[in-house]
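Everything numeric here is computed off the predicted structure, so don't read it as measured data. The figures here come from the full heavy-atom set of this structure, side chains too, leaving out hydrogens, waters and symmetry mates. All chains are named by letter (A, B, ...) in the order of the sequence lines, taking the proteins before the strands, and each is independently numbered beginning at 1.
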Amino acid sequence: EAAVTQSPRNKVAVTGGKVTLSCNQTNNHNNMYWYRQDTGHGLRLIHYSYGAGSTEKGDIPDGYKASRPSQENFSLILELATPSQTSVYFCASGDRGNNQAPLFGEGTRLSVL
Amino acid sequence: GDSVTQTEGLVTLTEGLPVMLNCTYQSTYSPFLFWYVQHLNEAPKLLLKSFTDNKRPEHQGFHATLHKSSSSFHLQKSSAQLSDSALYYCALSDRNNYAQGLTFGLGTRVSVFP
């Protein structure tokens with residue numbers, strides 16, 4: 001069964017600390033995405049990837065980096081976390097052969113204090 | 001750039017009554033349109049997507065019709081159920097740049113009461 005798994009599911013970080021959010025997909029999809037969800041803003045794209053080794057900036061990339069070491073894994077990195085990055089983060093994977101409907105993970109709730 | 005505008009905020013209704021959520025879009029190219037549903041503390045899940053052959057997609061009693069002339073993809077259900085209480089997102093995908101992800105609207109929260 002198609003799946004996107006995120007870890008951790010919940011994270012509390014301190015301002016200025018480094019945070020890494022991980023995402024694994026078993027769907028053999030080429031494309032992966034990181035979104036954040038905030039009330040009043042919907043889902044906004046942070047970074048995306050076309051495949052292993054590729055990372056591209058989305059609509060709100062400032063303060064975030066991404067890493068795609070393999071087809072299956074896509075990480076979101078906050079080098080210097082700030083309270084404004086408190087949010088729920090969703091990873092998704094998709095492919096043209098998947099009828100163009102990305103599949104989302106369960107989300108990571110991040111609080112930066 | 002691409003954009004999606006949805007019915008804003010909260011929609012409350014009584015079980016058994018019809019529901020319609022508006023979605024209009026702007027896109028340079030003829031896009032694919034989607035509706036996602038997100039229940040509390042869950043992932044967004046695909047509810048409906050537009051077809052290339054103008055068929056009307058239906059799922060779980062919901063349907064939506066893509067009207068290119070008015071750039072709309074409104075979501076409808078004839079009789080709301082308590083389990084339909086959720087957050088609904090309309091989204092589009094550029095046919096020529098699918099890999100760059102979906103553009104989402106701000107979401108519409110639906111609360112269905114007995």
With only heavy atoms counted, which part of Glu106(A) is less than 4.5 Å from chain B, the side chain, the backbone, both or neither?
both

Based on non-hydrogen pairs under 4.5 Å, which of Arg109(A), His41(A), Gln37(A) is most in contact with chain B?
Gln37(A)

Does Thr7(B) use its side chain to pair, donor to acceptor, with the backbone of Asn22(B) at less than 3.5 Å?
yes

Checking heavy atoms, do the side chain of Leu43(A), its backbone, both or neither come under 4.5 Å from chain B?
both

Determine whether the side chains of Gln6(A) and Asn24(A) contain a donor N or O and an acceptor N or O closer than 3.5 Å.
no

So which residue, Gly1(B), Pro44(B), Gly107(B), ends up with the most heavy-atom pairs under 4.5 Å with chain A?
Pro44(B)

Is a side-chain donor or acceptor of Thr15(A) paired with a backbone partner of Leu113(A) at a separation under 3.5 angstrom?
yes

Do Leu106(B) and Gln6(B) touch side chain to side chain, with heavy atoms closer than 4.5 Å?
no

At a 4.5 Å cut-off on heavy atoms, which part of Gln100(B) comes close to chain A: side chain, backbone, both, or neither?
both

Mind checking whether Tyr88(B) and Phe73(B) sit in one hydrophobic cluster, side chains of I, L, V, M, F, W, Y counted as touching below 4.5 Å?
yes

